[in-house]
J.: 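Below are the structure tokens for one structure; questions will follow.
Positions are given from 1, in the same order as the sequence printed here. A quick note: this is a predicted structure, and the numbers were derived from the prediction, not measured. Each ligand, and each atom within it, is numbered from 1 in the order the structure gives.
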Amino acid sequence: MSAFKHLFQSISIGSLKVKNRLLMSAMSINFGVDDQGWVDDQLIEYFRVRARGGVGMMLVGGGGVHPSGVELPHLPALWDDACIPSLTRMVNAVRPYETRFGVQLMHGGRQSYHDQKVAPSAIPAPAVVNGVPKALTLMEIDEIVAAFGDAARRCLEAGFDFIEIHGAHGYLINQFLSPNSNIREDAYGGPFDNRIRFLRDIMRDIRTKTGTDFPVGIRINGDDYIDGGWTLADAKRLAPILEAEGAAYLHVSAGVYGSRQLTIPSMYVPQGCFVHLAEAVKPLVSVPVITAGRIKLPEMAERIIRGGQADMVAMGRSLLADPNWPHKARTGITDTIRPCIGCCLACIHAVLALEPGSCVVNPEVGREYLLGDPVPAPASKKVMVIGAGPAGLAAARMAALRGHQVLVLDEKRHAGGLARLAALPPGRGEIMDLVNFLEREVARLGVEIRLNTPVDARIITVEMPDVAILASGSMPEVPLYKGLFQSRMNVVTMLEVLEENAAVGGKAIVMGGNQAGLVVADHLAEQGCDVVVLHRKAHFAEEMSSNDRFYLRERLTAHPVTLFKKVSIKRFFPHGVSFLSNGRPLEIDGFDTVVVSDAMTSIKKPLELFKDRAVDVHVIGDAKSPRTIQFAVGEAEEIGRQI
Ligand SMILES: Cc1cc2nc3c(=O)[nH]c(=O)nc-3n(C[C@H](O)[C@H](O)[C@H](O)COP(=O)(O)O)c2cc1C
Ligand code: SF4
């Protein structure tokens, strides 16, 4: 029996029997849908792989019910019967796995990506998208209500097992519910009963078009986390009404565009951050209640179900990171789960930039239809990987999975490279989950790792590799600022601060407001240091996802850390510096330390050792060019699949 016996108990959702308590929540992934809004092989394979991984229920994200409410360019269009055949093809691909498959019906309202936005009232979204929406007329409301019903009927005809109405996250239904976005003076605005009318009308229209057997779940916010918005008290009041209207389940989430707490929180936010909202709603209804939000550990998921906080656990990103999460949890091989690290970079950040979604730790997302599962290499080769950071370990893992004989060398005492250091500042610890996973994997696959071992000519001669993968990473560059080395301040790199705990003193200037600079500033401020960050560019930490940066900026404001952008340095003097920021001349004084975190340079030196040798050499990750972990892991898997 599974160690997570509550999690892997079956449950009934209306007439539907579900094999476990796991739902893959709706994610608008922005790929696999053609220009007509029909799903194609890319999306079909993405879902087939996740159904094969053992999840009990699964939702297609962001199915558009009406052209006026399309959230992103590549989401299924459900407003025309012509969409049905491609949806049926997807349903058929998933059917053998006994995963209950549904579609989330949504209208983006003022949070749609296009310019013809509509909403209950002409109030723009507080963030992410621009433009004042047009307030819907009563006739237009009727049209959209009917569009939900028609879309539901198409999902039923396509063969889906259930649907979910998206009443959360600041989209159209949530805009009607929330007093913050609905100031209508007709039957759809004002008092609570009027604000919930739109959702009620939708539920009733769906019922008339699908019958009562087709399970219709509803996602609502337990809290908008925005001033004047929908609250937990509202959600508790609504829950029994939705049950009476025939809701098959309630899925309690949180947040809207621009909220204090984001719907898709980053690693800074505690895991299971919204469980208390579902827990508060659960005693008020008898239909299943689902919780979501940063649930990544099977132990936590089990605890939630066992403790009766929710009946099911929804996971989004954990199933991007590892589609086999359910199978691995059920069979007790949790050590092999590839963890989501909460960076939000390749998933929601990419999608909101209208790019296809993917995953930093799992570059296969969206490419399942092209790649398939890794296959054994035609011949086993001797592969030498130089560098045991994420790039080196990920390349070693993939090469070993394909049957190559892999040796990893690293001159440091520990594996993990810069990721190990990146995980040290406050709130960044989950980056180590990836390093730990890769270390466990290479150990499981029999890869030899030699630490404290710089590569040299002798080792290459002795080992005689067929292939060398240079993943030696990068190191900080120290720019030649006028007067810096003549000053009385201690000059250290951000690596020395993190790795060697270099003495920094009470007041520090951090040169560079990129991701590394800001997390080091946070690290120093946490230790009681007064910190000023000087950044050359116009935007801070551009390489971070906006969701992750949001929480970091909050921390920096709270400390406070002083930030200057568009900085050009005039000169350093004994305990300070004069500079221009946004063209304004400024001078700061009384500092002990300068922490350099401006630019990185690739470590390519080991390449010379392979000159004139019959070794197939590949350079990946920061060694190729300093960038984010996304590139490191992506290039690593790519080369691991090629050799
Ligand atoms: C790329 C992406 C797209 C999402 N799109 C939707 C969506 O269309 N509908 C929805 O209700 N939630 C959407 N979400 C939110 C997730 O369903 C989920 O609530 C959120 O990611 C928190 O859960 P997690 O920590 O398990 O990922 C999206 C999340 C991601 C990462
Ligand atoms: S990109 Fe980051 S946050 Fe998104 S699923 Fe992957 S690891 Fe998780």
J.: Does ligand 1 have a heavy atom under 4.0 Å from the side chain of Lys296, from its backbone, from both, or from neither?
T.: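 Neither part.
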
J.: So does Arg444 pair up with Glu441, basic N to acidic O under 4.0 Å?
T.: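 Yes, this pair counts.
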
J.: Close to atom 2 (Fe) of ligand 2, meaning under 2.8 Å, how many protein N, O or S atoms are there?
T.: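 Total protein N/O/S atoms under 2.8 Å from atom 2 (Fe) of ligand 2: 1.
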
J.: Nearest heavy atom to atom 8 (O) of ligand 1 wins, so pick from Ala26, Ala346, Ser28, Gly61.
T.: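 Shortest heavy-atom distance from atom 8 (O) of ligand 1: Ser28.
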
J.: With a 6.0 Å cut-off on ring centres, are His74 and Phe31 close enough?
T.: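 No, they do not, as the ring centres are separated by 6.0 Å or more.
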
J.: Do the ring planes of His251 and Tyr249 sit parallel (below 30°), tilted (30 to 60°) or perpendicular (above 60°)?
T.: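 Ring orientation, 0 to 90° scale: tilted.
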
J.: Would Gly293 count as a contact of ligand 1 if the rule is a heavy atom under 4.0 Å away?
T.: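 In this structure, Gly293 qualifies as a contact of ligand 1 - some heavy atom is under 4.0 Å.
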
J.: Among all protein heavy atoms, pick the one closest to atom 19 (O) of ligand 1 and tell me residue, atom and distance.
T.: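 Atom 19 (O) of ligand 1 sits closest to the protein heavy atom Arg219 NH2, 2.8 Å.
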
J.: Are there over 12 heavy-atom neighbours, none belonging to Lys236, within less than 6.0 Å of that residue's NZ?
T.: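 Count not over threshold, so no.
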
J.: Which one of Ile348, Val60, Leu262 has a non-hydrogen atom at the shortest distance from atom 1 (C) of ligand 1?
T.: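 Looking at heavy atoms only, the winner is Ile348.
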
J.: My understanding is that we take every heavy atom of each candidate and find the minimum distance to atom 28 (C) of ligand 1. Doing that for Asn547, Ile264, Val269, which one comes out nearest?
T.: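 Shortest heavy-atom distance from atom 28 (C) of ligand 1: Ile264.
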
J.: Which residue pairs satisfy the side-chain hydrogen bond (donor to acceptor under 3.5 Å, both in side chains) criterion with at least one member in residues 36-59, sequence neighbours excluded?
T.: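 Output for this query lists Asp41-Arg89, Glu45-Arg48, Arg48-Tyr97, Arg50-Glu368, Arg52-Asp373.
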
J.: So that I know where these two stand, are Phe214 and Phe162 an aromatic pair - ring centroids less than 6.0 Å apart?
T.: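 Ring-ring flag for Phe214/Phe162: false, centres at least 6.0 Å apart.
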
J.: Just wondering, do Leu518 and Phe540 contact through their side chains at under 4.5 Å, heavy atoms?
T.: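 They are in contact (side-chain heavy atoms under 4.5 Å apart), so the answer is yes.
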
J.: To which protein heavy atom is atom 26 (O) of ligand 1 closest, and what is the distance rounded to 0.1 Å?
T.: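 For atom 26 (O) of ligand 1, the nearest protein heavy atom is Gly316 N, 2.8 Å.
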
